2 protein chains.
Amino acid sequence: MDVAADDLVAALRAEGLRITAARRAICEVLADRHHDHLDASSLRVHAEEIAGRAIDPSTVYRAIDTLQAVGLVRHVHLGGGAAVLHLADDDGHHHMTCERCGRTVDVPATELLGALEPVALSHGFVAVTVHFAVVGLCADCATVRGAPS
Amino acid sequence: MDVAADDLVAALRAEGLRITAARRAICEVLADRHHDHLDASSLRVHAEEIAGRAIDPSTVYRAIDTLQAVGLVRHVHLGGGAAVLHLADDDGHHHMTCERCGRTVDVPATELLGALEPVALSHGFVAVTVHFAVVGLCADCATVRGAPS
DNA sequence: GTCAATGCAAACTTTTTGCAACTCC
DNA sequence: GGAGTTGCAAAAAGTTTGCATTGAC
């Protein structure tokens, strides 16, 4: 059991922020399904299920902003599309996406950053956070040859 | 002199595609300024200058699609914003972007991929194309401490 | 002349913002 | 009660699509 929704709620409360039904539902979804590579719209769908009523998209985005400002959540771009959310607590991994089939695997941050840091340093970059997915071809797709899109 | 606009035009013609004023202008911009990290809208601005008349955004996107389908051009995502275009011929570098100041530097592909490939292989990925920028903090921004956005 | 390519307008997706109404503490 | 949150509506940016017209070959 990683982070419980209650931990997120408690962290918000500790910041003097108010706990509303929408925020609680969003925290629960993030706590329960943050491994599902949730974007804002699927986060909203699940949060609405939990809350039992509609939650406006702007409310979801504002909640995400708040959670990011407090440092509980981060977002990454896996593709041209929507940003994907994950808990800052779960920051120990990054993403590698197959450009053919879209499969996304998690790569431990230490591995990826360990490889990237020397390269970054030699180009005047101090910290590498890998805000995006690393894109490539998974073994399955690579065997089915053809020009990747 | 890397790739001349004429090479791009010739490649299109070789595919049986028609050479219009818009496409020729777009090819010229790509050939001349592909190091400028052009996105679709700045590509359009420059192409309109060369063509001496308006070019519709949809025409620009369709031209980009065509050039990508033929394999002459690729796009990468440097940030949440617009995709950046570069010539497939110029594929020998990737991008590292500072998440604080937005500065983007080119990193030779061999360096980056050399570092990334062992990591990718150990996770079942065969080819790594780095469709996105690697995000981090440049030395200047890193000295001015504070929480990155 | 034919078919590809364009322009125009409209729609789409993701995200942001202004503002009045609401509700958590 | 008052500030923080919300919903609604509108808008922004980036991109895609339908369709009639244009133009390359």
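Predicted, not measured: the structure shown is a model, and the values here were computed from it. Order of the sequence lines sets the chain letters (A, B, ...), proteins ahead of strands, with each chain counted from 1.
One can place CG of B/Asp65 at 16 Å from P of C/dA4, the figure rounded to the nearest angstrom. We find that CG of B/Asp39 is positioned 7 Å from P of D/dT15, with the value rounded to whole Å. When rounded to the nearest whole Å, the span between CD of A/Glu15 and C1' of D/dG4 equals 14 Å. Whole-Å rounding puts the A/Leu12 CG to D/dT5 C1' distance at 13 Å. Spacing between atom CG of B/Asp56 and atom P of C/dA11 amounts to 16 Å, rounded to whole angstrom units. C/dT6 atom P lies 12 Å from atom CZ of B/Arg24, rounded to whole Å. The nearest whole Å value for the distance from the CZ atom in B/Arg23 to the P atom in C/dG7 is 11 Å. With rounding to whole Å, B/Ile55 atom CD1 is found 18 Å from D/dT22 atom P.
Not a single donor-acceptor pair under 3.5 Å links the side chain of A/Arg23 to the backbone N or O of A/Val9. Between the side chain of B/Glu48 and the main chain of B/Ile55, a donor-acceptor pair closer than 3.5 Å is present.
Dashed line: the shortest gap from a side-chain N or O of A/Thr59 to OP1 or OP2 of D/dT6 is not under 4.0 Å. An OP1 or OP2 oxygen of C/dT16 is reached within less than 4.0 angstrom by no side-chain nitrogen or oxygen of A/Tyr61.
Here the side chains of B/Leu17 and B/Val70 are in contact, with some heavy-atom distance below 4.5 Å.
If you check every strand for non-hydrogen atoms under 4.0 Å, B/Arg53 touches sugar and phosphate atoms only. Counting any heavy atom pair closer than 4.0 Å across all strands shown, B/Ala22 reaches sugar-phosphate atoms only and no base atom. A/Ser41 comes within 4.0 angstrom of no nucleic acid atom, judged by non-hydrogen atoms across all strands. Counting non-hydrogen atoms under 4.0 angstrom, A/Ala63 reaches nothing in the nucleic acid. Contact annotation for A/Ser58: base contact, defined as any heavy-atom pair under 4.0 Å involving a base atom.
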Requested in this report: Evaluate the side-chain hydrogen bond (donor to acceptor under 3.5 Å, both in side chains) criterion for residues A/Glu28 and A/His46: first the C-alpha distance (whole Å), next the side-chain angles of each, then the deciding distance (0.1 Å), finally the verdict.
Outcome: CA-CA 9 Å; A/Glu28 282 181 29; A/His46 294 304; over 6 Å; no
Between the protein and nucleotides 19-25 of chain C, which nitrogen or oxygen pairs are less than 3.5 angstrom apart?
{"from": "C/dC24", "atom 1": "O2", "to": "A/Arg18", "atom 2": "NH1", "distance (Å)": "2.8"}
{"from": "C/dC25", "atom 1": "OP1", "to": "A/Ile19", "atom 2": "N", "distance (Å)": "3.2"}

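Judged purely by distance below 3.5 Å, without hydrogens or angles, the side chains of A/Asp36 and A/His86 never pair a donor atom with an acceptor atom. In summary, the side chains of B/Arg24 and B/Thr20 do not present any donor paired with an acceptor at a separation below 3.5 Å, with no hydrogens or angles considered.
Across all non-hydrogen atoms, the minimal contact from A/Ala115 to A/Pro118 is O-CD, 3.4 Å.
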